[in-house]
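See below for the structure under consideration.
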Amino acid sequence: MFEEEKALVEGKISAYCQQQQLPNLPLEWRAIPFSGEWGMAIPLFALAAKAQSFDPKLPIPQRAQALAQDVAQTLQGLKGFSRIEAVRGYVNLYFSTSEYAQRVVTEVLEHADDFGSADPSGNKTMVEYSQPNTHKSMHVGHLRNVILGGAVANILESAGDQVIRANYIGDIGLHVIKWLCNYELYHLGEQPGEDKTRWMGDLYTEADRRFHDDPGFETAVRKYFARWDRQDPDVVALWEQTRQWSLEGFYQIYEVLGERFDRVYFESEVEESGKVFVDSLIQAGLAIDERPEGPVYVNLDELLGKKEEYRVAVVLRSDGTSLYATKELPLAVMKFEEYDINRSIYVVDVRQSLHMKQIFKVLELMNYRWSGNLYHLAYEIVNLPGNVTMSSRDGTIVLLDDLIRESTQRALEIVHQKNPDLQEELKLEIARDVAIGAIKYPMLARENTKVVTFDWQTALDFNGQSAPYIQYAHVRAGSILRKAGIEASFDVRFSADLEPAEINLVELLSKLPAEVLRAARELKPSYLATYAYDLAKAFNDFYNQCPVLNAPGPVKAYRLALVRASRHCLKNSLHMLGIKAPDVM
RNA sequence: GCCCUUGUAGCUCAAUGGAUAGAGCACCGGACUUCUAAUCCGAUGGUUGCAGGUUCGAGUCCUGCCAGGGGCACCA
């Protein structure tokens, strides 16, 4: 938007610089702060610093201001701008507000549900996230990964990428064997109840405790592992059955969270190919095989001539069984071969940064052409107040199911109060959308690199900077449109003097496409979370200051258009965050 | 020891190298006969951990220090 006008200004300034024998520096466009008016600014400090014509004793800000005055003079009367002035070293160019508002709102209404989405980028990106372990619980700590990964996938999609959502489920390993062994010894024949994940998790905690406290049990687990390794049919059958219970529980949770996956990888699926991959590492002379006395490992620091940077990556146990790294390597290859992607993003918590770095480096040493296109999207963990790490063994966890149930219950009480006449089913649906939104928002609204401290009070707070606040603005917009009726006229011809609240709102509407691209480029949903809140706040300001339905005819018409455009932007930004926008609350 | 990361209002957090560092929560005082009060308005609250440096300009970039968190060979 306004590219023509910008080009015109840049041309003029370039000519001015040439005429004044000033260096031709690239211009920087910025928003003007404190504006009740919409415009763009150009700082002239850099130019002033380079200009020869000034007294060297004159401070730069003063030179910049002199220059700005001069430039503003030469730009006077330029078409498309209502006012051009020099302030504190900046040239401020104000757009004629009605024309600006008209352009923005027209564009939003034309694109409607697609406003904010970019044209296809040609990129095919896989985002791997969630990665739960079967036979374990899902707690709030795991939630951040799912929410972050889902939002990143949505945002990349909106930014024009073709996105493949992948999950990588840990369905085998020592934790599973512990569970199976404990089940066979102490719980044989028992079935999970309604909440499968909780039940599986409880049994895991029990097994894990036995494993640590009871040496006899540990021996039993080792024997059990050997049975798994020779694929004892009873063990395999039990594994298949119990794994299924876990998966059913996970899919229930994903459905509640509104997440779906295009491809689910399993660790069991890449176990064998991992061992083959390790063989090729040995043959390539990259890995050192010390079996049976030691493991198979890649001494990355030695290969790269580094010290204490990449360290040593162990890729196979000395007994020949597989490790995390063993499976991760062929999985990376599989992703590129299966989907012909050109970028692979791993949403994995920050504690695994070194491991991810090692795996990427090993793949690079194997000369995969795509090895430069692997990204670890690291995020910090979720702690409990007092910096307590969630641990099922210590019982310091908040189960997802408990959180969702409690949050939904609270939301439902409010819906009952505010909209007693709605159908019960609809009330529950609204309460779910609000509850899930309230849970998701705080995990998205901060930097990925910052620890989230979970506390019940904040999680259940539906006021202030929160998803319900944004959802509520959306509901208000919808409510106005509904009351206006279908025969209402939506006219995007704006009057010359708009209220500051209207200008501010229009400005925010115009920013959505750029914010989406920025969030996609940096893989930071927090930008959009902040944006959505700012937009909702701007809409609430407008709502309070500018009556719509009772406004005079022409004003009502353009305000209705503005409300409709706002509603699209609120909804679109919420959806990208993976948060639903209900019509009534 | 080496590496990563965080440090901004009482608390939780924003701020694309630019103009006067902003929100929410909490606390205090107001606004529902109104397009839904899950809202709004007002008040209070700051040496951006410390010290240098780069820059016309630093919360933001660089160096050092302090403090918290995390990681560093067969867990994932």
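Quantities reported herein were computed from a predicted structural model and do not represent experimental measurements. The figures that follow rest on heavy atoms only: side chains count, while hydrogens, waters and symmetry mates do not.
Looking at heavy-atom distances under 4.0 Å, A:Asn387 makes contact with sugar-phosphate atoms alone, never a base. Looking at heavy-atom distances under 4.0 Å, A:Asn299 makes no contact with the nucleic acid at all. Residue A:Ile414 is in base contact, counting any heavy-atom pair closer than 4.0 Å across all strands shown. Using a 4.0 Å heavy-atom distance criterion, A:Tyr533 is classed as a sugar-phosphate-only contact. Counting any heavy atom pair closer than 4.0 Å across all strands shown, A:Leu354 reaches sugar-phosphate atoms only and no base atom. Note on A:Val475: a base of the nucleic acid sits closer than 4.0 angstrom, heavy atoms only. Base contact: A:Ala41 has a heavy atom under 4.0 Å from a base atom. Counting any heavy atom pair closer than 4.0 Å across all strands shown, A:Glu515 reaches a base atom. Note on A:Ser318: a base of the nucleic acid sits closer than 4.0 angstrom, heavy atoms only. At a threshold of 4.0 angstrom between heavy atoms, the contacts of A:Val584 include nucleobase atoms, whether or not backbone atoms are also involved. Residue-level contact check: A:Lys537 touches the backbone only, with heavy atoms under 4.0 Å from sugar-phosphate atoms and none from bases.
Aromatic ring orientation, A:Phe454 versus A:Trp456: perpendicular (interplanar angle above 60°, classes split at 30° and 60°). A perpendicular orientation is assigned to the rings of A:His135 and A:Trp179, their planes being inclined by more than 60° (bins at 30° and 60°).
Map A:Asp541 and A:Ala46 each onto its nearest nucleotide of RNA chain B; the residue landing nearer the 5' end is A:Asp541. Taking the nucleotide of RNA chain B with the nearest heavy atom to each of A:Glu308 and A:Phe542, the more 5' of the two is matched to A:Glu308.
The residue from A:Asp349, A:Asn145, A:Thr449 that alone fulfils the side chain to side chain donor-acceptor pair (under 3.5 Å) condition with A:Tyr379 is A:Asn145.
At the phosphate of B:rC74, neither OP1 nor OP2 sits under 4.0 Å from any side-chain N or O atom of A:Tyr324. Between A:Asn463 and the phosphate of B:rC25, there is no side-chain N or O to OP1/OP2 separation shorter than 4.0 Å.
No hydrogens or angles were tested; on distance alone, a donor-acceptor pair under 3.5 Å links the side chain of A:Arg311 to the base of B:rC2. Residue-to-nucleotide contacts include no donor-acceptor pair under 3.5 Å from the side chain of A:Arg317 to the base of B:rC74. Residue side chain A:Ser479 does not reach the base of B:rC35 through any donor-acceptor N/O pair under 3.5 Å, judged by distance alone.
Ion pair A:Glu85/A:Arg83 flagged as a salt bridge, since at least one NZ, NE, NH1 or NH2 atom sits closer than 4.0 Å to an Asp/Glu carboxylate oxygen.
With ring centers used as reference points, A:Tyr375 lies 6.0 Å or more from A:Tyr346.
Whole-Å rounding puts the A:Glu328 CD to B:rC74 P distance at 18 Å. Protein atom CG of A:Asp534 is 9 Å distant from nucleotide atom C1' of B:rA14, rounded to whole Å.
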Per-residue pairing states of RNA chain B in dot-bracket (Watson-Crick or G-U under 3.5 Å; . unpaired, | other strand) read (((((((..((((....[...))))..((((.......))))......(((((..]....))))))))))))....
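When each of B:rC35, B:rC40, B:rU16 is scored by its nearest atom to the side-chain atoms of A:Tyr469, the top-ranked nucleotide is B:rC40. For A:Val312, taking side-chain heavy atoms from C-beta onward, the closest of the listed nucleotides B:rA73, B:rA14, B:rA19 is B:rA73.
Panel note: side chain A:Asp319, backbone A:Pro295; no donor-acceptor pair is recorded below 3.5 Å.
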A correct 5'-to-3' footprint of nucleotides 5-13 of chain B, with B, S and - meaning base, sugar-phosphate only and no protein heavy atom under 4.0 Å, is SSS----SS
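The cationic group of A:Lys357 lies under 6.0 Å from the six-membered ring centre of A:Tyr310 and within 45° of the ring axis, placing it in a cation-pi geometry.
For the contact set between residues 128-145 of chain A and RNA chain B, defined by any heavy atom under 4.0 Å, there are no members.
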